[in-house]
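Below: one structure, written as structure tokens.
Just so you know, these numbers use all the heavy atoms, side chains as well, and skip hydrogens, waters and symmetry mates. A note on names: the letters A, B, ... follow the listed sequences, proteins ahead of strands, and every chain is numbered from 1.
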Amino acid sequence: MKSRFAPSPTGYLHIGGARTALFVWLWAKKQQGQFILRIEDTDRERSTQASVDAILDGMQWLGLTYDEGPYYQTDRFDRYKAIIQQLIDEDKAYYCECSPERLQTLRDELMAKGEKAKYDGHCQHKNLISGVVRFRNPAEGNVVFSDLVKGEINVHNKELDDLIIARSDGTPTYNLTVVVDDHDMEIDYVIRGDDHINNTPRQINLYTSLGWDLPTFAHLPMILGSDGARLSKRHGAVSVMAYRDAGFLPEALLNYLVRLGWSHGDQEVFSVDEMIKLFELKNVNKAPGSFNQEKLLWLNQEYIKTADIQHLVDQLDWHLNEQSVDVSQGPDIVKVINALRERSKTLVEMTQGVKMFYQDFDRFDEKSASKQFKPATQPIIEALIAKYTELEDWSSEEIHTIVKQVCEEQGVGFGKAGQPFRLALSGTGNAGSIDVVAELVGKKRTLARLNMALNYITQIDD
RNA sequence: GUCGCCUUCGUCUAUCGGUUAGGACCCCAGGUUUUCAUCCUGGUAAGAGGAGUUCGAUUCUCCUAGGCGAUGCCA
């Protein structure tokens with residue numbers, strides 16, 4: 001069994017494409033079949049190598065590995081040419097010299113009359129030998145096919161016209177190339193976005209005309225933006241790689257995407273293995289879905305909380321490099337991640353949190369500082385400095401005990417000491433459990449930062 | 001315009017004729033917590049509209065409306 005993902009390289013791999021790729025990939029994996037990647041680059045005006053690279057990068061990051069390919073349609077022009085010639089020879093296709101102007105006028109007229117805008121067959125029997133090549137679509141009857149997600153679809157041949165299969169420069173067009181490729185590559189399942197539903201009957205006629213067996217079709221609903229409009233740049237990040245940059249784990253994105261349009265009862269979290277095991281095209285929804293960043297964020301946090309720690313280390317590495325955070329000197333990154341993982345929605349947030357363990361800062365967040373570093377706090381900070389300077393066993397337990405001691409001696413609640421201490425340690429006030437954080441930051445840096453806080457307080461005193 | 005596809009809480013969805021229409025995200029309230037976060041408890045919120053079939057429709061049929069797609073020498 002074989003299925004394929006066939007993007008056209010006219011931009012990066014976007015969310016919708018990634019979801020299609022995922023479903024196709026899952027279906028292939030589930031059947032223990034082959035997943036083929038084919039680049040549909042017949043439109044040479046718009047196709048770029050940069051886009052091909054971007055698509056490949058996106059798929060690699062998501063872990064959607066392909067068993068065959070990438071095949072490029074531009075490498076197969078001879079084959080398409082032969083098929084087109086064959087169709088002409090068998091009188092199943094013909095040349096047409098109608099000008100774009102004539103065609104446009106025709107469309108306008110038909111539309112004005114309230115009729116279907118389609119080619120009128122002007123050149124059908126002229127026996128021309130140049131121009132575009134059109135496929136002779138059957139005039140009667142209808143095309144019926146059973147779509148794995150949409151069910152039975154029935155289209156009258158009257159609605160279809162003689163579509164162009166070769167441009168006037170001889171290059172083949174999409175509807176011809178897909179059919180030839182899917183046949184030659186022995187694709188059993190054509191799974192793609194439902195914007196292709198309307199092309200399917202035309203393609204079926206091509207298959208039939210060529211005497212080829214039909215693949216099974218499955219048309220996936222589109223992904224819309226939060227406003228219900230087709231997902232586009234104005235909805236924010238649509239490129240898959242932008243999600244890596246924003247600190248998402250690939251498995252979180254995959255999990256989000258698989259649940260957008262597919263479900264298995266009430267289950268929300270799926271490992272990739274579970275997806276493969278449970279995925280069914282018949283459980284794919286017919287209706288389009290809206291992309292919802294909040295839910296993705298929630299899933300990302302779930303994955304950050306539960307992921308294998310080494311995996312997290314590996315994934316975080318890219319962000320650490322990106323932000324030039326050197327973790328080779330200082331506490332074990334594993335411990336730092338464990339201290340941070342429950343409070344990070346993204347790896348970018350986590351990277352921010354990591355900084356305080358490896359980098360010194362020279363100022364406190366002004367808003368927090370003005371609130372926390374009051375003159376009344378001075379004796380508390382001084383007491384902490386005194387006791388910590390003496391502390392031999394720099395462990396979270398001891399650190400915690402001392403905070404408690406100071407609170408008792410000064411007759412204040414834990415928060416009165418804990419809050420300023422947290423701000424002194426982090427500079428921002430955003431940090432986890434202070435004892436654990438202080439242990440990881442280390443004695444030297446903790447004392448330095450407490451002294452910095454003390455300075456701050458004595459300065460506002462003046 | 002014409003043709004095709006689609007329509008359950010704000011969002012993602014469950015339901016395969018009989019349910020107080022369930023779950024999840026978000027939001028709100030309460031609890032745990034040295035802040036935040038995590039965690040726990042609870043809450044708000046839905047079958048586009050109209051006919052029909054049926055003892056009974058969210059579920060089946062039809063109509064209408066709305067959305068999306070196609071109508072390209074794009075894919």
(Q) At 4.0 Å (heavy atoms only), tell me whether A/A287 reaches a base, stays on the sugar-phosphate, or touches nothing. (A) sugar-phosphate
**Q.** Nearest-nucleotide pick for A/D194, side chain only, options being B/C12, B/U34, B/C5
**A.** B/C5
Q: Could you list by number each residue of residues 150-180 of chain A showing a heavy-atom separation from RNA chain B of less than 4.0 Å, or answer none if no residue does?
A: A/K150, A/E159, A/I164, A/R167, A/S168, A/T173, A/Y174
Q.
Within the 4.0 Å heavy-atom criterion, would you say A/G261 contacts the bases, only the backbone, or no part of the nucleic acid?
A. sugar-phosphate
Q. Do A/Y256 and A/F248 make the cut of ring centroids closer than 6.0 angstrom?
A. no
Q | Residue met sooner reading RNA chain B from 5', once A/R46 and A/M111 are mapped to nucleotides | A | A/M111
Q.
Counting primed atoms plus P, OP1 and OP2 as sugar-phosphate and everything else as base, spell out the protein contacts along nucleotides 19-27 of chain B at 4.0 Å heavy-atom distance: B, S or - for each nucleotide, 5' to 3'.
A. ---BBBSS-
Q | Atom P, compared across B/G1 and B/A48: separation rounded to whole Å | A | 24 Å
(Q) Looking at A/F361, I'd like to know if the NZ or CZ of A/R363 sits under 6.0 Å from its six-membered ring centre while staying within 45 degrees of the ring's axis. (A) no
Q.
Does the structure place the NZ or CZ of A/R259 under 6.0 Å from the centre of the six-membered ring of A/F270, at an angle of no more than 45° from the ring's axis?
A. no
Q | Which residue lies more 5' along RNA chain B, comparing A/S290 with A/I434 via nearest heavy atoms | A | A/S290
Q: Pick base, sugar-phosphate or nothing for A/E45, based on heavy-atom distances below 4.0 Å to the nucleic acid.
A: nothing
Q. Below 6.0 angstrom between ring centroids: does that apply to A/Y66 and A/F35?
A. no
(Q) What contact category does A/S433 fall into here, base, sugar-phosphate, or nothing, at under 4.0 angstrom with non-hydrogen atoms? (A) base
Q | A/K118 side-chain N/O to A/L110 backbone N/O, donor-acceptor pair under 3.5 Å | A | no
Q) Taking atom types as they are modelled, is there a donor-acceptor pair under 3.5 Å from the base of B/U38 to the side chain of A/R343? A) no
Q. Could one point to a donor on the side chain of A/N199 or the base of B/A75 with an acceptor on the other under 3.5 Å away?
A. yes
**Q.** side-chain hydrogen bond (donor to acceptor under 3.5 Å, both in side chains) evaluation trace for A/D181 with A/Y71
**A.** CA-CA 10 Å; A/D181 285 346; A/Y71 294 118; over 6 Å; no
